[in-house]
Amino acid sequence: MDMIMMEVEMMEKEKEKEAIKKYQMSVLQLACVTGFIAGVLGTLFAFFVHYFNFTEMSPKVILIPFTGKWTDGWLGFVVTAILNGLISIVVALLYYMALRKQKSLIWGAVYGILIFIIIFLVLYPMIPGVEWLFRYNLNTIVTEICFFLLYGLFIGYSISYEYEEQLMWSKVEKSNETEKV
């Protein structure tokens with residue numbers, strides 16, 4: 001009787017493991033989701049700080065290549081959020097490839113500042129609507145630095161945390177498997 005109970009218990013545990021693996025996302029998938037969420041939340045935050053004049057830069061700077069009245073309405077808002085979300089997926093994947101194994105919050109912050117430097121000091125001539133950094137007022141510069149710092153922290157910490165979490169669970173599974181043998 002005890003033997004049957006143990007077998008039933010083991011079968012239930014196996015089914016539970018299969019269900020977890022079936023619904024669990026890989027770190028790469030989570031990096032994509034994190035990137036998209038960071039882009040959308042960042043856009044909402046950017047609209048907020050632009051509305052209250054903390055920054056001269058509108059998040060709709062991404063829509064400059066497009067024309068039409070739609071860019072000023074709710075559709076422009078939605079398209080801006082989606083485009084920033086898609087761009088942020090690429091940013092998150094770059095972090096995933098380069099820095100996912102780093103455990104410190106500092107790496108996310110440094111990544112955010114690096115993105116800020118690349119946009120405002122290197123790529124600004126290629127991005128319509130973005131000027132050289134020091135043509136903006138101090139309020140805009142400080143706000144943008146803080147924004148990119150938080151953006152990098154969000155992406156970096158989320159990806160690194162999930163990477164470490166999945167590493168830990170894979171080690172736990174391996175130790176459980178060796179105990180059974």
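Quantities reported herein were computed from a predicted structural model and do not represent experimental measurements.
One distance of note links NZ of Lys103 with OG of Ser160; it measures 10.5 Å at 0.5 Å rounding. Once rounded to the nearest 0.5 Å, the distance linking CG of Asn137 with CG of Asn53 reads 10.0 Å. For the atom pair OG of Ser158 and CG of Leu153, the computed distance is 9.5 Å after rounding to the nearest 0.5 Å. In this structure, Phe36 CZ and Asn84 CG are separated by 10.0 Å, a value rounded to the nearest 0.5 Å. Put simply, CG on Leu123 and CD1 on Ile115 are 11.5 Å apart, with the number rounded to the nearest 0.5 Å. Thr143 contributes atom OG1, which lies 10.0 Å from atom CD of Glu56 (distance to the nearest 0.5 angstrom).
By the 4.5 Å heavy-atom criterion applied to side chains, Tyr161 and Val27 are not counted as neighbours. Side-chain atoms of Tyr163 and Leu99, non-hydrogen and from C-beta on, never get closer than 4.5 Å to each other. Within the 4.5 Å cutoff, no side-chain heavy atoms of Val79 are placed close to those of Phe66. Using a 4.5 Å heavy-atom cutoff, the side chains of Tyr151 and Ser88 are in contact. Within the 4.5 Å cutoff, the side chain of Leu63 has heavy atoms near those of the Trp70 side chain. Ile127 has its side chain out of reach of Ile64: every pair of non-hydrogen atoms, C-beta onward, lies at least 4.5 Å apart. Side-chain contact between Thr71 and Lys60 is absent, with no heavy atoms from C-beta onward closer than 4.5 Å. Looking at Glu131 and Tyr124, their side chains never come closer than 4.5 Å, going by heavy atoms from C-beta outward.
In the hydrophobic clustering of this structure, Tyr136 groups with Leu149; members are Ile, Leu, Val, Met, Phe, Trp, Tyr whose side-chain heavy atoms approach within less than 4.5 Å, directly or through other members. No continuous path of hydrophobic side-chain contacts links Val142 to Phe148 [ILVMFWY only; heavy atoms under 4.5 Å]. Hydrophobic clustering of Ile, Leu, Val, Met, Phe, Trp and Tyr side chains at less than 4.5 Å, counting indirect connections, unites Phe45 with Val91. Cluster membership for Val61 and Val122, using ILVMFWY side-chain heavy atoms within less than 4.5 angstrom, is shared. The hydrophobic clustering, which links ILVMFWY residues whose side-chain heavy atoms are closer than 4.5 Å, places Ile145 and Leu138 apart.
Pairing each heavy atom of Gly35 with each of Ala92, the nearest pair is CA-CB, 3.6 Å. Closest heavy-atom contact between Ile89 and Cys32: CG1-O, 3.4 Å. What you find for Ile155 and Ala38 is that their closest heavy atoms are CG1-CB, 3.7 Å.
At distances below 3.5 Å, at least one donor-acceptor pair connects side-chain atoms of Gln29 with backbone N or O atoms of Ser26. Not one N or O on the side chain of Thr55 forms a donor-acceptor pair closer than 3.5 Å with the backbone of His50.
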**Message:** Could you go through Phe120 and Phe116, starting from their C-alpha distance and side-chain angles, then the distance that decides it, and tell me whether this counts as ring pair (Phe, Tyr, Trp, His ring centres under 6.0 Å)?
**Reply:** CA-CA 6 Å; Phe120 287 99; Phe116 172 81; 4.9 Å; yes
**Request:** Starting from the C-alpha separation in whole Å, work towards a yes-or-no answer on side-chain contact (heavy atoms from CB on, under 4.5 Å) for Phe154 and Ile37.
**Result:** CA-CA 10 Å; Phe154 180 82; Ile37 290 171; 4.0 Å; yes
**Request:** Before giving the answer on side-chain contact (heavy atoms from CB on, under 4.5 Å), spell out for Phe48 and Leu44 the whole-Å C-alpha distance, their side-chain angles and the decisive distance to 0.1 Å.
**Result:** CA-CA 6 Å; Phe48 177 79; Leu44 294 174; over 6 Å; no
**Message:** Does Ile159 form a side-chain contact (heavy atoms from CB on, under 4.5 Å) with Leu30? I'd like the steps, not just the answer.
**Reply:** CA-CA 7 Å; Ile159 292 172; Leu30 285 167; over 6 Å; no
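Other residues, nucleotides and ligands contribute more than 12 heavy atoms inside 6.0 Å of the CZ atom of Phe77.
Counted by atom type alone, Thr34 and Tyr95 present zero donor-acceptor pairs between their side chains at under 3.5 Å.
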